[in-house]
Every structure is written in structure tokens, then in C-alpha cells.
Amino acid sequence: MSFYAILRYYQISVVALGPRFPQTVLLVFGVLSLLLAALYLLEQRDIKRLLAYSSVEHMGILAIGVSFGAPLALSGVLLHVLAHAAAKGNAFMGAGVLVRKFGTKELRAMADGIRVLPWSGPLFLIAVLALSAMPPFGLFRSEFQIVAGGFAHARNAATAVLVCLVTLAFLGLTLATTRILFRPVPDTAEPDAQALARGEPSRWMVAPVVAGVLVLLILGLAPPADLINLLNHAASDLAVGAR
């Protein structure tokens, strides 16, 4: 919703000031947001803050995509909004299961999640991979469109920066997830942590994540034609006067 407000102001600014100034502002703030998020993701200690800085990262991606002004990139931006909502909802649901199971939000206190959470552990991994724009999920499709639109619009330097910073953010997010799910419980851990029973804290929390994964697969592999037409129409409206 906040990005929708930005897009409305962007349309007004393009008409009133021309495309160069609003696109430059979005590019600068997008790169700064993406850089800040990527650095914080590398050294984050709290699982909810980890996902919150991931949201900052994706807002940066959206801002950079709009700054390109290309219809293909703008269509990717709008698809990215939908795919990110599904992926981030999944990731936060998975994080809630982890917090409930381990009794803490501290990443250093979470380990061996793939064993102790036979369903939620793999689903959280899938949610993080989807959030990191791995194929075949919706965020891969949307980010591919944004990058392709940037190169097609001769924004080569900005597109290269986008790719590098997204890769850095991916590294931080996946490193934290790997530690949570695959790191063995250290011998120095508390006895309660070492003896943590295998099993889900609540079965009903699994179903929404499964539904979200299906949505991400549909958006990545075969998004509905009506949805694509709607996004392309909206992207065409945003591109008016932006070149």
C-alpha cells in the first residue's frame, strides 16, 4: 500500500517535472535502501528483523525498477508487489513457527530446524528461496523482467548495481537460513535445546504456507492471462511520459 502511494506521486511528478528528476530520486533511494538492507542481512541476529530488512531490500528493488521507466520493468515491478506479498507472508508464518518452537527470536539460539520441524523446516526453506528470487517462483519472474527492462532501456550501470546488491542480500538471507535449519546443535547448548523434541508446535500453521507456495509457483510458471493483461495495462499507464 505504501508503494502504491509512491507510484501515485510518481505519476504526478512525471507530468509536473518530467521523468528525469523523479526517476533519479527513486534510483538513489532504491540503491541506498538495497545497500542498507543487504549489509544488515549479513549480520542480523533476530529472525523477525531479518525478514524486516528483507522487506527494505524489496522496496529498494521496486524503486529501482520504476526508475528505469521501461514498460517491461514496470510490469515486473507490479508483479513483484504481488509475489513479494505471498513470499513474505510465508516467511513470517515460518518464522512464527520457529519462534514458537525454540522460544526465542535470536538466530544464534536456533539450530537443526530441519530435524525438529519436519514440515515447517522445509517449507520455511522454500519460502526463503522464493523470497530470494530463485526459480521457478514468482519473484524470479518479476526480478527477471525488471533486470531485462533495465538493460533494454540502456540503464546498464544501474541494472548491474541492482544485480550485485540483490546477490549480496541473497547471501545474507541464505546464510542465516542455513544456520537455522542445518547447523547442528552445539555441545555447549542448554540441555533443553539439545533435547528439543521433533514435531510441529501447531499443525494449522503449515496449511497457509503450503497455499502460499502454490501461489508463488503459479505466479512464476503460469500467471493468469487476465492478471498479466491487467499488470501490462497498468505498466503502460505508468510509462506514459516516463521516457
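Annotation: Phe151, atom CZ; neighbour count of heavy atoms from other residues, nucleotides and ligands within 6.0 Å is above 12.
Counting heavy atoms from C-beta outward, Val99 and Thr104 have side chains that stay 4.5 Å or more apart. Side chains of Met110 and Ile47 form a contact here, defined as non-hydrogen atoms less than 4.5 Å apart. Contact annotation: the side chain of Phe3 approaches that of Val77 to within less than 4.5 Å [non-hydrogen atoms, C-beta and beyond]. Taking the side chain as every heavy atom from C-beta outward, Leu107 and Arg179 never approach each other to under 4.5 Å. Under the 4.5 Å side-chain criterion, counting only non-hydrogen atoms from C-beta, Ser33 is in contact with Val56. For the pair Asn90/Leu216, a side-chain contact is recorded, criterion being any heavy-atom separation below 4.5 Å from C-beta on. Here the side chains of Leu165 and Val161 are in contact, with some heavy-atom distance below 4.5 Å.
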Show which side-chain atoms of residues 171-178 pair as donor or acceptor with protein atoms under 3.5 Å away, not counting sequence neighbours.
{"from": "Thr174", "atom 1": "OG1", "to": "Phe170", "atom 2": "O", "distance (Å)": "2.7"}
{"from": "Thr174", "atom 1": "OG1", "to": "Leu171", "atom 2": "O", "distance (Å)": "3.2"}
{"from": "Thr177", "atom 1": "OG1", "to": "Leu173", "atom 2": "O", "distance (Å)": "2.9"}
{"from": "Thr178", "atom 1": "OG1", "to": "Thr174", "atom 2": "O", "distance (Å)": "2.7"}

Side-chain donor-acceptor contacts of residues 128-146 below 3.5 Å, not counting sequence neighbours, with atom names and distances?
{"from": "Ser132", "atom 1": "OG", "to": "Val128", "atom 2": "O", "distance (Å)": "2.8"}
{"from": "Arg141", "atom 1": "NH1", "to": "Gly220", "atom 2": "O", "distance (Å)": "3.1"}
{"from": "Ser142", "atom 1": "OG", "to": "His80", "atom 2": "ND1", "distance (Å)": "2.8"}
{"from": "Ser142", "atom 1": "OG", "to": "Gly138", "atom 2": "O", "distance (Å)": "3.4"}
{"from": "Ser142", "atom 1": "OG", "to": "Leu139", "atom 2": "O", "distance (Å)": "3.1"}

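The side-chain contact (heavy atoms from CB on, under 4.5 Å) test applied to Ile218 returns Pro224, not counting sequence neighbours. Looking at residues two or more places apart in sequence or on another chain, you find a side-chain hydrogen bond (donor to acceptor under 3.5 Å, both in side chains) between Ser55 and Lys88. For Asp46, there are no side-chain hydrogen bond (donor to acceptor under 3.5 Å, both in side chains) partners two or more places apart in sequence or in a different chain. Phe29 pairs by the side-chain contact (heavy atoms from CB on, under 4.5 Å) definition with Val25, not counting sequence neighbours. Residues passing the side-chain contact (heavy atoms from CB on, under 4.5 Å) test with Val97 are Leu117, Ser120, Glu200, Pro201, Met205, sequence neighbours excluded. Taking Ser67 as the reference, nothing meets the side-chain hydrogen bond (donor to acceptor under 3.5 Å, both in side chains) condition, with sequence neighbours excluded. Applying the side-chain contact (heavy atoms from CB on, under 4.5 Å) criterion to Ile228, with sequence neighbours excluded, gives Pro223, Asn232. For Arg198, there are no side-chain hydrogen bond (donor to acceptor under 3.5 Å, both in side chains) partners two or more places apart in sequence or in a different chain.
His153 NE2 to Leu72 CG: the interatomic distance, rounded to the nearest 0.5 Å, is 11.5 Å. From Leu227, atom CG reaches atom CG of Leu219 across 7.0 Å, with rounding to the nearest 0.5 Å. A distance of 12.0 Å separates CG in Leu39 from CD in Gln44, rounded to the nearest 0.5 Å. Taken from OG in Ser13 to CD in Gln23, the straight-line distance is 11.0 Å, to the nearest 0.5 Å. Between the NE2 atom of His233 and the CG atom of Asp237 there is a distance of 4.5 Å, given to the nearest 0.5 Å. Between the CD1 atom in Ile180 and the CD1 atom in Ile114 there is a gap of 11.0 Å [rounded to 0.5 Å].
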Exercise. Give the C-alpha distance, both sets of side-chain angles, the deciding distance and a yes or no for side-chain contact (heavy atoms from CB on, under 4.5 Å) between Leu168 and Leu41.
Key: CA-CA 9 Å; Leu168 185 62; Leu41 284 171; over 6 Å; no

Exercise. Please step through side-chain contact (heavy atoms from CB on, under 4.5 Å) for the pair Leu62 and Val81, ending with a clear verdict.
Key: CA-CA 8 Å; Leu62 295 175; Val81 171; 3.9 Å; yes

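In plain terms, the two heavy atoms of Ala73 and Gly65 that are nearest each other are CB-O, 3.8 Å. Among all heavy-atom pairs drawn from Leu51 and Ala95, the shortest one is CD1-CB, 3.8 Å.
Identified under the ring pair (Phe, Tyr, Trp, His ring centres under 6.0 Å) test for residues 89-135, with sequence neighbours left out: none.
With hydrogens and angles disregarded, no donor-acceptor distance shorter than 3.5 Å links the side chain of Ser75 to the backbone of Pro71. Arg183 contributes a side-chain N or O that, together with a main-chain N or O of Arg108, makes up a donor-acceptor pair within less than 3.5 Å. A side-chain donor-acceptor contact under 3.5 Å links Lys101 to the backbone of Gly199. Between the Arg155 side chain and the Gly69 main chain, no donor and acceptor come within less than 3.5 Å of each other.
Under the 4.5 Å side-chain contact rule for hydrophobic residues, Met59 and Val163 share a cluster. Under the 4.5 Å side-chain contact rule for hydrophobic residues, Val66 and Val15 do not share a cluster.
Ring geometry for His84 versus His58: interplanar angle of 30 to 60°, hence tilted.
Listed by chain and number, the hydrophobic cluster partners of Leu32 are Val28, where partners are ILVMFWY side chains within reach of under 4.5 Å, directly or through others.
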